[in-house]
Amino acid sequence: EAGVAQSPRYKIIEKRQSVAFWCNPISGHATLYWYQQILGQGPKLLIQFQNNGVVDDSQLPKDRFSAERLKGVDSTLKIQPAKLEDSAVYLCASSLDRYGEAFFGQGTRLTVV
Amino acid sequence: GENVEQHPSTLSVQEGDSAVIKCTYSDSASNYFPWYKQELGKRPQLIIDIRSNVGEKKDQRIAVTLNKTAKHFSLHITETQPEDSAVYFCAASPLNRDDKIIFGKGTRLHILP
């Protein structure tokens, strides 16, 4: 079974620039998560989708971060404008349903300089 | 919302000895407790999980215990091996409510030769 795909793997941008990350979950998985993992810390939930609807985005800095999951499949996470403290690995995860294991993608390592 | 505390942040054990990592959670509605292992530069991967209708679960050298009354759960690794060296994250989720999975800050486990 194909895993969660994310791209790009690495991205370096200057502060105040914008960036977008893409995630393709495992086929058939209804739940999709975006997590931010700062070096040395645990994943922090940014947003959770159930199909194409947002379940929880309480931790998403909405003044600069946005995410969408059109058609309930792929998802994009955007940061505009980026700040130095946004440097982290952005992990996408998906699960079949509300009772299932979350499978993680390889992540996108973002460096803001 | 849910808050997960994890201890210790770093743990060193002699190869062959046992390792124990402990977590507490705050939301009594949480009923799903997965443990993830993250090797350096790689994605978190599920190693074992437990649901609130059981108190203990074992899979070869790995076991997890859950005390719902005290709201804590623990990971036990016996006969540790060098490949057990990694960062371990506990997590908690009220799967039958809003489903989000909240992670602890992680424990870096070092297996000493």
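Below, read A as the first sequence line, B as the second, and so on, with proteins coming before strands; counting in each chain starts at 1. Since the model is a prediction, treat every value here as computed from it, not as a measurement. Side chains are part of it too, since the values below use all heavy atoms of this structure and drop only hydrogens, waters and symmetry mates.
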> Between OG1 of A/T31 and CD1 of B/I101, what distance do you get to the nearest 0.5 Å?
Replying inline: 8.5 Å

>> So, taking the atom named CZ in B/R43 and the one named CD in A/Q6, what distance separates them when rounded to the nearest 0.5 Å?
In response: 8.5 Å

>> List the residues meeting salt bridge (charged side-chain N to carboxylate O under 4.0 Å, His left out) with B/K22, not counting sequence neighbours, and say none if there are none.
In response: none

> Counting a contact as any heavy-atom pair under 4.5 Å apart, which residues of residues 39-47 of chain A contact chain B?
Replying inline: A/G40, A/Q41, A/G42, A/P43, A/L45

>> Counting only non-hydrogen atoms closer than 4.5 Å, does B/Q6 touch chain A with its backbone (N, CA, C, O), its side chain (CB onward), both, or neither?
In response: neither

>> Please classify the contact between B/P44 and chain A as side chain, backbone, both or neither, with a heavy-atom cut-off of under 4.5 Å.
In response: both

> Given the options B/Q38, B/Q45, B/K42, which has more heavy-atom pairs under 4.5 Å with chain A than any of the others?
Replying inline: B/Q38

Indicate, with yes or no, if [Y] and [X] share a hydrophobic cluster defined by side-chain heavy-atom contacts under 4.5 Å among Ile, Leu, Val, Met, Phe, Trp and Tyr.
X     : Y     : result
A/L77 : A/I26 : no
B/I62 : B/V64 : yes
B/I47 : B/V13 : yes
A/I13 : A/L84 : yes
B/Y25 : B/I21 : yes

>> Only heavy atoms, only distances under 4.5 angstrom. Which residues in residues 75-83 of chain B are near chain A?
In response: none

>> Please find the pair of heavy atoms, one from B/F89 and one from A/Q37, that lie closest to each other, and give the distance.
In response: CZ-NE2, 3.3 Å

> Shortest non-hydrogen contact from A/E101 to B/Y36?
Replying inline: CG-OH, 4.2 Å

Is [X] atom [atom1] crowded by more than 12 heavy atoms from other residues, nucleotides or ligands, each under 6.0 Å away?
X     : atom1 : value
A/I12 : CD1   : no
A/K62 : NZ    : yes
B/Q60 : CD    : no

>> Using heavy-atom distances under 4.5 Å, tell me whether A/V4 contacts chain B through its side chain, its backbone, both, or neither.
In response: backbone

>> Does anything in residues 60-77 of chain B form a salt bridge (charged side-chain N to carboxylate O under 4.0 Å, His left out)? List the pairs, not counting sequence neighbours.
In response: B/R61-B/D84

>> A side-chain contact here means heavy atoms from C-beta on lying under 4.5 Å apart; do B/L46 and A/F103 qualify?
In response: no

